[in-house]
Amino acid sequence: MKSEKLYIILCLIIGVTLSGCIEEFEADIPAEDSNLLVVEGTICASGLNRFTLTRTQDINAHNYQTQMVAGAKVSVRGSDGSEYVAQQSYDGSGYMELGALGSYSCWIDALNPDVEYSLHIEVDGEVYESEPQKPLRTEEIAEVTGVQNTPYSNIDILVTTEAPSSADEAKYYSWTYDETWEVHADNRTDIYFDTSKKDSVYFNDSTPNPFIERGWMDGTSSTTMFGSSSNYEGQRIQGLKMYEIGNSDERIRYRYSGLIHQRAISKVEYEYELARRQADAEMGGLFTPQPSFLPTNIRCLTSDKRAIGFVGCSLNTSEYRFFLNAADFTTYHPNRDGRVWLELQGHGDAAILKYLNDCCIMSWRGMFLCEWEANTEDVDGTMRSAWALINQLDVRYKGAYIEKPDFWKDE
């Protein structure tokens, strides 16, 4: 017994001693590695070019917030003397639009394949410029398919590119996507309850149905995917998975459309993105490289300050739109009746009157009649009705819009 007590006391002493030796770790990061300019964006023809400027922060900062850089002069410059000035976005009242702080954009119609382009930035008394480069031409997308490997698996979106002009040289790409899917109301109705008549009435020409049953919703990729053709025969990417849609996801309940954007990038830009993502995934590790060690093609022309980021240059972006029908896949969408049902309780005129009054109460509470079953010719009499909220009957209250997209193709 004494030996057990001595063992417990010894463990307590050792624990207290060790806990006193633990100190908060603070990374020893050189001061010049903080407050670095971070540049994100791509020079590309036939579209709106958006560039984002931020600053790095001390890794030991307690209240970490992205430091957006406003008030900079940003432009795309060509070796032929051309220049496209990027502006921050302001609304008609002179106020900066939401999310525009640190974001600069300019429209570029076309780029000359024989001209070198660079991003020019003037901020805080310093001048930065990306390495001049000729725009890369992007191959077309040959095919996009949706594949469900088993009846219980999700639906994989696979991309195949066109064969490149040279089968001896690896190609590098980035992909993003936009998506649109069809939405239906949870319930529908052709009738309404007239509180003055205390009876159900069908919608007609003079009283049209106010509920919209069909609409569409949009989404966009939250990340950019990067890939290389080095592991594919003939340097042609085939069946590369872009993303997946869950087999019970609302997006694949009826009909789905995706628009894949493909852009050719250089090997250096591809390696930069791989290194950046690895650093993001390992952030906080003792041996994680600091952001300033990432490869970059941006340099400061006025001092030895460093910058982070890589600005690519593309002659074009290839796009491919595809459609998926829910009927072509095994999907799971349990139909739960979320409506409220009223039933006649009791017999005689008093019971019927109470039931009709209850219907009036449902209407006054903002619920809408969906179904009406009445048979008062029987001795006992039967009445039954279903009631729903407006968000169950009208897709607009789900956040959907009702104007059919120009590109939409019905089955």
Side-chain angles (χ1 to χ4, degrees), residues 138-163 173-189 211-229 231-233 236-263 317-339 370 388-389 391-411:
T138 301
E139 289 84 5
E140 296 296 323
I141 300 174
E143 185 182 32
V144 179
T145 56
V147 176
Q148 188 176 34
N149 296 315
T150 72
Y152 304 100
S153 63
N154 295 332
I155 300 164
D156 296 334
I157 307 302
L158 309 180
V159 171
T160 297
T161 64
E162 291 283 2
Y173 302 95
S174 70
W175 294 275
T176 58
Y177 62 88
D178 298 317
E179 52 187 350
T180 302
W181 60 95
E182 188 173 324
V183 184
H184 291 192
D186 296 335
N187 303 104
R188 66 180 304 275
T189 182
F211 305 112
I212 306 299
E213 301 173 10
R214 183 191 186 200
W216 291 266
M217 298 183 74
D218 295 327
T220 187
S221 53
S222 57
T223 60
T224 301
M225 183 174 178
F226 297 87
S228 167
S229 66
N231 294 327
Y232 292 86
E233 183 179 355
R236 181 191 184 190
I237 294 177
Q238 299 187 55
L240 177 63
K241 179 179 175 179
M242 288 286 100
Y243 60 99
E244 64 180 33
I245 303 174
N247 57 14
S248 60
D249 196 300
E250 182 187 33
R251 292 176 295 173
I252 197 64
R253 185 156 192 168
Y254 301 101
R255 188 161 168 78
Y256 174 90
S257 177
L259 180 63
I260 305 292
H261 310 276
Q262 176 176 283
R263 183 174 67 86
T317 299
S318 298
E319 296 182 339
Y320 190 102
R321 178 168 294 284
F322 65 99
F323 287 85
L324 301 178
N325 297 316
D328 297 332
F329 304 94
T330 303
T331 60
Y332 303 90
H333 303 285
N335 293 318
R336 299 185 179 92
D337 191 352
R339 298 173 296 178
C370 295
L389 295 170
N391 62 312
Q392 298 172 270
L393 299 171
D394 196 317
V395 293
R396 292 173 293 184
Y397 289 85
K398 284 187 171 185
Y401 58 90
I402 61 175
E403 183 177 352
K404 184 177 178 180
D406 295 337
F407 61 82
W408 195 262
K409 297 179 180 179
D410 288 320
E411 295 181 78

Hey, could you give me the [atom1]/[atom2] distance between [X] and [Y], rounded to the nearest 0.5 Å?
{"X": "Asp394", "Y": "Leu389", "atom1": "CG", "atom2": "CG", "value": "12.5 Å"}
{"X": "Glu213", "Y": "Arg188", "atom1": "CD", "atom2": "CZ", "value": "4.5 Å"}
{"X": "Thr330", "Y": "Ile252", "atom1": "OG1", "atom2": "CD1", "value": "11.5 Å"}
{"X": "Glu319", "Y": "Thr138", "atom1": "CD", "atom2": "OG1", "value": "11.0 Å"}
{"X": "Asn187", "Y": "Gln392", "atom1": "CG", "atom2": "CD", "value": "5.5 Å"}
{"X": "Arg321", "Y": "Leu259", "atom1": "CZ", "atom2": "CG", "value": "4.5 Å"}

At their closest point, which heavy atom of [X] faces which heavy atom of [Y], and how far apart are they?
{"X": "Leu240", "Y": "Tyr232", "value": "CD1-OH, 3.6 Å"}
{"X": "Asp218", "Y": "Tyr401", "value": "OD1-OH, 2.9 Å"}
{"X": "Glu179", "Y": "Tyr256", "value": "OE1-OH, 2.6 Å"}
{"X": "Phe407", "Y": "Ser257", "value": "CE1-OG, 4.0 Å"}
{"X": "Val159", "Y": "Gln262", "value": "CG1-OE1, 4.4 Å"}
{"X": "Gln148", "Y": "Thr150", "value": "CG-O, 3.0 Å"}

A quick test of your reading: do over 12 heavy atoms of other residues, nucleotides or ligands sit less than 6.0 Å from OH of Tyr152?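 Check fails, neighbour count at 12 or below.
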
For the OH atom on Tyr397, are there more than 12 heavy atoms of other groups (residues, nucleotides or ligands in this structure) within a distance under 6.0 Å?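 No.
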
Determine whether a donor-acceptor pair (N or O, by modelled atom type, separation under 3.5 Å) exists between the side chain of [X] and the backbone of [Y].
{"X": "Arg236", "Y": "Ser229", "value": "no"}
{"X": "Asn154", "Y": "Asn247", "value": "yes"}
{"X": "Ser318", "Y": "Glu139", "value": "yes"}

Using the test ring pair (Phe, Tyr, Trp, His ring centres under 6.0 Å), find all partners of His184 that sit at least two apart in sequence or belong to another chain.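 His184 satisfies ring pair (Phe, Tyr, Trp, His ring centres under 6.0 Å) with Tyr254 once adjacent residues are dropped.
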
Kindly indicate whether the side chain of [X], heavy atoms from C-beta on, has any atom under 4.5 Å from the side chain of [Y].
{"X": "Trp408", "Y": "Arg255", "value": "yes"}
{"X": "Val144", "Y": "Met242", "value": "no"}
{"X": "Glu143", "Y": "Gln238", "value": "no"}
{"X": "Arg214", "Y": "Val395", "value": "no"}
{"X": "His261", "Y": "Asp178", "value": "yes"}
{"X": "Trp216", "Y": "Pro405", "value": "yes"}

Verdict with supporting geometry, Thr176 and Thr220, side-chain contact (heavy atoms from CB on, under 4.5 Å): CA-CA 8 Å; Thr176 58; Thr220 187; over 6 Å; no

Does Thr160 form a side-chain contact (heavy atoms from CB on, under 4.5 Å) with Thr145? I'd like the steps, not just the answer. CA-CA 9 Å; Thr160 297; Thr145 56; over 6 Å; no

Output, in order, the C-alpha distance, side-chain angles, deciding distance and verdict of side-chain contact (heavy atoms from CB on, under 4.5 Å) for Lys398 and Asn391. CA-CA 6 Å; Lys398 284 187 171 185; Asn391 62 312; 5.7 Å; no

May I have the step-by-step check of side-chain contact (heavy atoms from CB on, under 4.5 Å) for Tyr243 and Ile260, ending in yes or no? CA-CA 11 Å; Tyr243 60 99; Ile260 305 292; 4.1 Å; yes

Taking only residues two or more places apart in sequence or in another chain, which ones pass salt bridge (charged side-chain N to carboxylate O under 4.0 Å, His left out) with Asp249?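 Applying salt bridge (charged side-chain N to carboxylate O under 4.0 Å, His left out) to Asp249 gives Arg251.
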
Are the aromatic ring centres of Trp175 and Tyr173 under 6.0 angstrom apart?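 Aromatic pair counts; centres sit under 6.0 Å.
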
